[in-house]
Structure formats: C-alpha cells, structure tokens
Amino acid sequence: MQLIDSHCHIHSPEYQFDIEQVYQSAYQSGVNKFICIGTDLVDSLQAVNFAISHDNTWSSVGIHPHEADKFNNLHKLTELEKLAAMNKVVAIGECGLDYHYSHSSKKSQREILEFQIDLAIKQQLPMSFHVREAFEDFWPIFDNFRGVRGVLHSFTDSQANLAMAVDRGLFIGVNGIATFTKDHGQLDMYKQIPLTNLILETDAPYLTPVPFRGMMCEPKHIKVVADFLVDLRGEALEDIADRTTKNVNSLFKI
Ligand SMILES: [Zn+2]
C-alpha cells in the first residue's frame, strides 16, 4: 500500500521538524511521496531546495492569499517565474482567495491569483488552490482561463461547490479537518467526493487529525486521514490508497 502527502510544509525551518524522524515514520506508515508547498518567495525557494536535497520529495512555488498585499507590485513576481522553472517544481501555489481572515485586500488577492494562474498555464503546471469563504469570486476568475488543472486544497465547503469543482475536473484535497469537524453537512460532503477526484494531504504542521490533536502534524498522519475516510465512506483502505495515489501521480506527474 502506498500513500502520498500532496500538501505539507515540512521544508520550513520555522517548524523545527526532526526531518530524519519525519521521513522514517512516514515510510513506516506507507507514506512515501511528499509535496512541499510554498507560501511566499522565501518559503518557495526553501521548498524547492528542500525537495532537491530529499528523495521522493517535490515542491510547489506560490504566494498564499494572506501574503498578497506584499506583492501588489507585480514586478516582484518575476522572481516567482524563475522559481517555477527550477528542478522538482511540480505545481504553482498555494494560491487563491481567503476572505475568512482577509489578511490581504480582496483586490490584491485577486490580482495575485490571476498572475499565478497565468504562470501555471505558461509553465503547464497544475495548481494548489487555497479558497476560503470566497468561491463566489473564485469561480468567475477560474472560468476566465482555459486549461487550468489543480486541486482545491483543504476543501471544507458545500456540496454545491464540490459539484462545481468536479465539473471542472479539479481534485479535492482532504486532511485532518475531516477527523475533528462537528459539521454534519461537511461530513456528508466528504462522502460525496468521487474517488476519481479525491487526494489526501496533511498540511503539516497544521491540522493534526484526531486522536493526535495537540501534537505536531506530520506526513505519517496521512494514514489516519485515510483510515477515517475508510470508516466514513465505507470503502476499502486499499481502494482509497490506490486511487488517491494514482490521482496525485497523474495531477503532479510525479
Ligand atoms: Zn498549506
């Protein structure tokens, strides 16, 4: 059985992971590929360098919507284009719109998102989208472009937005939130995600699944998320592992 962590932040020195131990326990849990996700220019370069120096590890480069205001001068983003061309970069993101926290203005969030969609199309790379309480603005932007592939990372939204995503061929990233949400509508939504569109992620070090709340989240916890979905959806672990692995491999070409 093989599992993949399609979205983690283990590259960031900020979190002080014991990297040897992180890889060892991930491998013991059947998790054997890792995608490190960049959130700004400095962090994206760290993700790329980390991926280059670790086996079975790839990276994305992108500007998180929280950081959008810092990049309102689009000239700064030529640096992102250079990063996107580097070795082992398999995606653009995480990028998108976050109207829950609104750490950056809506205007700059939209501009930075559009820039990154353009870049992904140019580089023929898939995207890791972060969209929170902002689908009303996200879909018109997304639909303005042709040929965008990607994943809605950490998807917790409605069945209506799930249907919109599936119609557009997007993958749906599910993480530890599923194990601790008390929202029955959300749990029903997780049941409706077609296996053909499902991928697993941790968002480590965040969103540690039950029963490990309070500990730092690591890629090994993908197995906990998979086990939870087995119970919730009534599918075999082998089927969830095989299909989500195929989905990640085909989306990111790893
Ligand atoms: Zn993330």
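Atoms within a ligand are numbered from 1 in the order they appear, just like the ligands themselves. These numbers come from the heavy atoms of this one structure, side chains and all, not from hydrogens, waters or symmetry mates. When a residue number appears, it is its place in the shown sequence, counting from 1.
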Spell out the protein N/O/S atoms under 2.8 Å from the Zn ion (ligand 1) as residue plus atom name.
H7 NE2, H9 NE2, E94 OE2, D203 OD1
Going hydrophobic residue to hydrophobic residue with side-chain gaps under 4.5 angstrom, can you get from L251 over to F34?
no
Tell me if the aromatic rings of F138 and F129 count as close, with their centers under 6.0 Å from one another.
yes
Could you go through the side-chain hydrogen bond (donor to acceptor under 3.5 Å, both in side chains) check for T57 and Y23 one step at a time?
CA-CA 10 Å; T57 307; Y23 276 96; 2.7 Å; yes
Is the Lys NZ or Arg CZ of R132 less than 6.0 Å from the centre of Y99's six-membered ring, within 45° of the axis?
no
Parallel, tilted or perpendicular, as decided by the 30° and 60° cut-offs, for the rings of Y15 and F17:
perpendicular
May I ask you to decide if the ring planes of H9 and Y206 are parallel, tilted or perpendicular, using 30° and 60° as cut-offs?
perpendicular
